[in-house]
Enquirer: 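One structure, pasted below without further comment.
This chain uses plain numbering: 1 for the first residue, then up along the sequence.
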Amino acid sequence: MLYQLGTAVVEEKEKVILYFKDQYIDLDSLLARIKPALKINSLFEITQEWTYWTDQITNILSSTSTFNSEELLYEGDINWQAPILYPNKLICIGANYTDHIEEMGKEKTIVKPYSFLKPASTTLRGHRKKVTLPKASNMIDWEAELAVVIGKHAKNVKKEDALTYVAGYTLFNDLSDREAIANSDGLGIDWVVHKAHDGFAPMGPLVTPAQFIPDPQSLKIKLEVNNEIKQDSNTSKMIFTVAEIIEHLSSIMTLEPGDIIATGTPAGAGFARNEFLKSGDKVVVKIEKLGTLTTHIQ
């Protein structure tokens, strides 16, 4: 019983979208009919009690075969937002594919995950949203990534148990300002310049619950710019698995429900080939079993 969850604005109201059997459903309207005692305000709120809510949704879908006109939404009317709008943390993993490390001209040897933070409130953007190029740079790059949504508090978690802390998975584009690399000095790269411009974290549109992705290390991942394939790889090529990343990060900080972890990008970034995004470009990320994320550059 595969279903996915997202966040959108419909008729000027923020709604949790349930995608099931090729139908987009207003979850709040469905609850009002089936279980009126249940109320939900956001997908972030659902992550705070992830097991409870996924059980409720599964039970409802098991007993409901049809949806009425108030519950069903036309995809064209959906104004997608990032599925988790205001996570407490947006953590990104760098240098997690050997071929990407090589194309960036770095050493292969890496003994633990390399991580950095993005400011979620200003970088996150939804499916089909526009991202404005910063005026100060002509070297804006793409990075297709698998993103993990945390589903319960995690501290000092062992990798053997780490995937039980995952709520679900979604698509992510870690947009990057490579002038931070080109202009780096003896103090190293300015990672705020490199990664934190407004709109530099397109994500979504849907979160696929982890129960439907038993192995996150076997997903095809692809990125296209104007229909030309730039990245074509598989999450099996990660240096550190999702479980190992969670183990590492939870040894440093408490991971909280709704936190996002972007797990790194494979080879094919523009920096290695001296290609960068320009106004009018369309960037499409595709991940097997998760869907498609489109971003328009302006």
Side-chain angles (χ1 to χ4, degrees), residues 1-10 14-31 34 38 40-67 71-85 87 124-129 144-151 163 165-173 201-216 218-222 235 242 257-263 284-295:
M1 184 177 294
L2 173 65
Y3 63 85
Q4 297 167 292
L5 296 163
T7 299
V9 173
V10 180
E14 183 184 316
K15 295 181 178 291
V16 177
I17 306 300
L18 171 64
Y19 184 63
F20 178 64
K21 291 186 176 180
D22 296 322
Q23 299 175 102
Y24 295 95
I25 302 158
D26 177 349
L27 181 58
D28 197 50
S29 295
L30 178 62
L31 291 175
I34 304 296
L38 295 179
I40 194 65
N41 295 311
S42 69
L43 186 48
F44 176 81
E45 185 177 300
I46 288 177
T47 67
Q48 307 307 296
E49 297 181 89
W50 183 254
T51 300
Y52 171 81
W53 277 105
T54 52
D55 286 347
Q56 291 292 329
I57 293 169
T58 298
N59 290 337
I60 290 171
L61 294 178
S62 297
S63 62
T64 305
S65 58
T66 59
F67 306 96
E71 295 157 2
L72 291 172
L73 301 168
Y74 293 103
E75 204 274 339
D77 295 333
I78 297 174
N79 178 7
W80 291 107
Q81 309 298 303
I84 308 294
L85 278 175
L124 284 172
R125 294 292 185 272
H127 176 51
R128 297 196 301 240
K129 286 291 184 290
E145 306 198 9
L146 171 70
V148 177
V149 182
I150 296 297
L163 295 186
Y165 290 80
V166 176
Y169 302 94
T170 190
L171 304 92
F172 192 87
N173 188 353
M203 185 172 75
L206 296 164
V207 172
T208 302
Q211 67 198 72
F212 305 123
I213 308 293
D215 183 8
S218 63
L219 303 174
K220 296 176 183 178
I221 182 169
K222 183 182 293 187
T235 58
V242 170
D259 284 354
I260 307 298
I261 305 169
T263 57
V284 177
V285 178
K286 300 178 181 179
I287 301 181
E288 181 182 8
K289 300 180 181 179
L290 303 188
T292 299
L293 167 66
T294 299
T295 302

Enquirer: Would you indicate whether the side-chain heavy atoms of L290 and K220 approach each other to under 4.5 Å?
Expert: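 Not in contact.
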Enquirer: Output the distance between atom OH (Y169) and atom CD (Q4), rounded to the nearest 0.5 Å.
Expert: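 One finds 14.0 Å between OH of Y169 and CD of Q4.
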Enquirer: I want to check something: taking the side chain as every heavy atom from C-beta on, are I260 and L124 in contact at a cut-off of under 4.5 Å?
Expert: no
Enquirer: Contact between L206 and L5 at the side-chain level, heavy atoms closer than 4.5 Å - yes or no?
Expert: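 With C-beta onward as the side chain, the pair stays apart.
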Enquirer: So which heavy atom on V149 is nearest to which on G258, and how close?
Expert: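 What the structure gives for the nearest pair is CG1-CA, 4.3 Å.
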Enquirer: Just how far is it from atom CD1 of I78 to atom NE2 of H127, taken to the nearest 0.5 Å?
Expert: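 One gets 9.5 Å once the value is rounded to the nearest 0.5 Å.
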Enquirer: Quick one, T64 with I34, criterion side-chain contact (heavy atoms from CB on, under 4.5 Å). Give me CA distance, side-chain angles, the key distance, then yes/no.
Expert: CA-CA 9 Å; T64 305; I34 304 296; 3.8 Å; yes
Enquirer: Considering all heavy atoms of both residues, which atom of P257 and which atom of T47 are nearest to each other, and what is their separation?
Expert: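 Minimum heavy-atom separation between P257 and T47: CB-O, 3.3 Å.
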Enquirer: So L2 and T208, side-chain contact (heavy atoms from CB on, under 4.5 Å) or not? Walk me through it.
Expert: CA-CA 8 Å; L2 173 65; T208 302; 4.2 Å; yes
Enquirer: OG1/T170 to CD/E145 distance, rounded to the nearest 0.5 angstrom?
Expert: 12.5 Å
Enquirer: What are the two closest heavy atoms between L146 and I221, and how far apart are they?
Expert: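 Shortest heavy-atom separation between L146 and I221 comes out as N-CD1, 3.9 Å.
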Enquirer: Could you pull out all residues at least two apart from E14 that satisfy salt bridge (Lys or Arg N to Asp or Glu O under 4.0 Å)?
Expert: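 Result, salt bridge (Lys or Arg N to Asp or Glu O under 4.0 Å) vs E14: none returned.
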Enquirer: Counting only N and O atoms by type, is there a donor-acceptor contact under 3.5 Å from the side chain of Q48 to the main-chain atoms of F44?
Expert: yes
Enquirer: Roughly how far, to the nearest 0.5 Å, is CD1 of I17 from CD of Q81?
Expert: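 Separation between the atoms: 10.5 Å.
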Enquirer: Between I25, V16, L38, which is the residue that forms a side-chain contact (heavy atoms from CB on, under 4.5 Å) with L30?
Expert: I25
Enquirer: Using a 4.5 Å cut-off on heavy atoms from C-beta on, say whether the side chain of L163 contacts that of P216.
Expert: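 P216 reaches L163 side chain to side chain.
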Enquirer: Provide the closest heavy-atom pair for E45 versus I40 in the form atom of the first, atom of the second, distance.
Expert: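 Closest heavy-atom pair between E45 and I40: OE2-CD1, 3.4 Å.
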Enquirer: Evaluate the side-chain contact (heavy atoms from CB on, under 4.5 Å) criterion for residues I46 and L27: first the C-alpha distance (whole Å), next the side-chain angles of each, then the deciding distance (0.1 Å), finally the verdict.
Expert: CA-CA 11 Å; I46 288 177; L27 181 58; 4.0 Å; yes
Enquirer: For a 4.5 angstrom cut-off between non-hydrogen side-chain atoms, does I261 reach V242?
Expert: no
Enquirer: Would you call the rings of F67 and F20 parallel, tilted or perpendicular, where under 30° means parallel and over 60° means perpendicular?
Expert: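 Perpendicular, since the angle between the ring planes exceeds 60°.
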Enquirer: Tell me if a side-chain donor or acceptor on T292 pairs with a main-chain N or O of K286 at a distance below 3.5 Å.
Expert: no
Enquirer: Minimum heavy-atom separation for V284 and T294, please, with both atom names.
Expert: CG2-OG1, 3.8 Å
Enquirer: With rounding to the nearest 0.5 angstrom, report the CG to OH distance, L73 to Y19.
Expert: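 These two atoms lie 13.0 Å from each other.
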Enquirer: Would you say the side-chain atoms of W80 pair up with the backbone N or O of P205, donor to acceptor, closer than 3.5 Å?
Expert: no
Enquirer: On a heavy-atom basis, which atom in G6 and which in P83 lie closest, and how many Å separate them?
Expert: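 The pair with the smallest heavy-atom distance is CA-CB, 4.4 Å.
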Enquirer: Tell me, please, which residues at least two apart from D28 pass salt bridge (Lys or Arg N to Asp or Glu O under 4.0 Å).
Expert: none
Enquirer: For the atom pair CG (L43) and CG (L85), what is the distance rounded to the nearest 0.5 Å?
Expert: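 L43 CG to L85 CG: 8.5 Å, rounded to 0.5 Å.
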Enquirer: Without swapping roles, check the side chain of T263 against the backbone of A147 for a donor-acceptor pair under 3.5 Å.
Expert: no
Enquirer: Taking the side chain as every heavy atom from C-beta outward, state whether T58 and Y3 have any pair of such atoms under 4.5 Å apart.
Expert: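 They are in side-chain contact.
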